[in-house]
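What follows is a set of notes on a single structure, which appears directly below.
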2 protein chains.
Amino acid sequence: MPLASRSPKADKTRNDIVRAAEKLFAEKGFRAMTLRDVTRQAHVNLAAVNYHFGSKRELMLAVIRNRFEPINVERLRRLDALMAKHLTAPIPVAAIFAALFGPLFESANTEHGPDRALMQLIGRAITEPADFMRSMHKVFFNELSQRFMAELRRSCPQLSEEALQYRFFFVINTMLGTIIEQARLENLSGGTLDATDFDKLVKQLTDFAVAGFIQTDATP
Amino acid sequence: MPLASRSPKADKTRNDIVRAAEKLFAEKGFRAMTLRDVTRQAHVNLAAVNYHFGSKRELMLAVIRNRFEPINVERLRRLDALMAKHLTAPIPVAAIFAALFGPLFESANTEHGPDRALMQLIGRAITEPADFMRSMHKVFFNELSQRFMAELRRSCPQLSEEALQYRFFFVINTMLGTIIEQARLENLSGGTLDATDFDKLVKQLTDFAVAGFIQTDATP
DNA sequence: GTCTATAGAACGATAGAC
DNA sequence: GTCTATCGTTCTATAGAC
């Protein structure tokens, strides 16, 4: 593993490998993504993976970090912007959820159309059995959730701590489940709904999450 | 693959294999679950898998069918009971969701404590890349969702077809996400919430889903 | 930095004795 | 039905030429 590989050629090879690995991991999962697949798709030699990353595992960490980190940075940036805008006043719940959902779904909605690989990637990263991946996700997720829950606590003082925790848990699960199962939206609707319309999806998702989060009593 | 293996000895071997395969698949996923692992855990010979199931793939189908089928049968049984009870009157949305969530979470709540392997199994079955598993899940899921959506349509005539489909999609995703991520509930709450309290979890989940499903407008 | 070649291990599946 | 033994394949990782 090179400590300082900064030649343009090496960076291109590195990036090609990461991109190919992301695509194949999203499609197949960690075990089924073989280094032979990756190097064939990246048009590099099999040995290049171990030269640049040391192992399949280190390559996988690079893939995850490459995608998760920018999304979470942007989420916290938007939350900070909301706090700066509202000062000590409580932030609307819908705005907090928009900061949480937006960067994720926008990352999956490129100018070249929806990036299904990314949505699958994030979904798969959650369920992947390997311990090193689960612990990495925990690091990413814990910091983020504590920051968002603190703001939700301020915005919804009427909620008990228990209700707050359960409902934030459900909101996260709805978001994650929607990413994982997103491809099934068209299936479910018999083809009438457009799974690539991210703006509408996020709008509907936010409405759903807000209603579930702030509800005060059960209804018929 | 024996066409009629009904000896007690063979049944025990078969069941031991299915049980071991379920546990290992839940922990590791399809690719990482090796037949050597399975037969070692089941205390049977490696060749027994191919004798009883023909292939690793057929074994996996048996594992999934063994768990999914009873849960879905019970879901539809409860939905039928609700229809018989309410006749032509609309069924309360909360009751419909209880029929959808109940059998799943009850299956995971045995008398010997929570069956984390089952919850992981179902979560993993959803994200597993293998095509034969995705198509199997589709068969199970489509029939079920059409039945439940038909009743929700009757109970919520005020909802547009589009809203109905989006929201049912989110409800399913919340349920699935909650199963997959269930182990993280304690983590999220810093240990104050008890992830093994299924009654409370299902109650909270149902309230959340109902509120999100029937909401009429966005709120601050 | 990138290649060829290959070591070394693990896999699914099967043949054939009992 | 269950065993041992093994075939043929595929994998990660590495050694060494260029």
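These numbers come from a predicted model, not from an experiment. By convention in this document, chain letters (A, B, ...) are assigned in the order of the sequence lines, proteins followed by strands, and residues within each chain are numbered from 1.
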Task: Test ring pair (Phe, Tyr, Trp, His ring centres under 6.0 Å) applied to Phe213(B) and Phe97(B), Phe168(B), Phe170(B), the passing residue - done: Phe97(B)
Task: Thr174(B)-Asn173(A) side chain donor-acceptor pair, cut-off 3.5 Å - done: no
Open item on the list: Between Phe101(A) and Glu106(A), is the side-chain contact (heavy atoms from CB on, under 4.5 Å) condition met? List the steps.
Closed with: CA-CA 9 Å; Phe101(A) 302 154; Glu106(A) 287 162 22; over 6 Å; no
Task: Rounded distance in Å - NE2 (His43(A)) to C1' (dG1(C)) - done: 19 Å
Task: Separation of dG1(D) P from Asn15(B) CG (nearest whole Å) - done: 14 Å
Task: Sidechain N-carboxylate O distance under 4.0 Å for Arg77(B), Asp80(B) - done: no
- [ ] Find out whether Val171(B) and Leu152(B) are in side-chain contact, i.e. whether some heavy atom of one side chain is under 4.5 Å from a heavy atom of the other.
- [x] no
Open item on the list: I need a per-nucleotide contact map over nucleotides 4-18 of chain C, read 5' to 3'. Cutoff is protein heavy atoms under 4.0 Å; write B for the base, S for backbone only, - otherwise.
Closed with: B------BBBB----
Task: Below 4.0 Å: OP1/OP2 of dG1(C) and any side-chain N or O of Thr13(A) - done: no
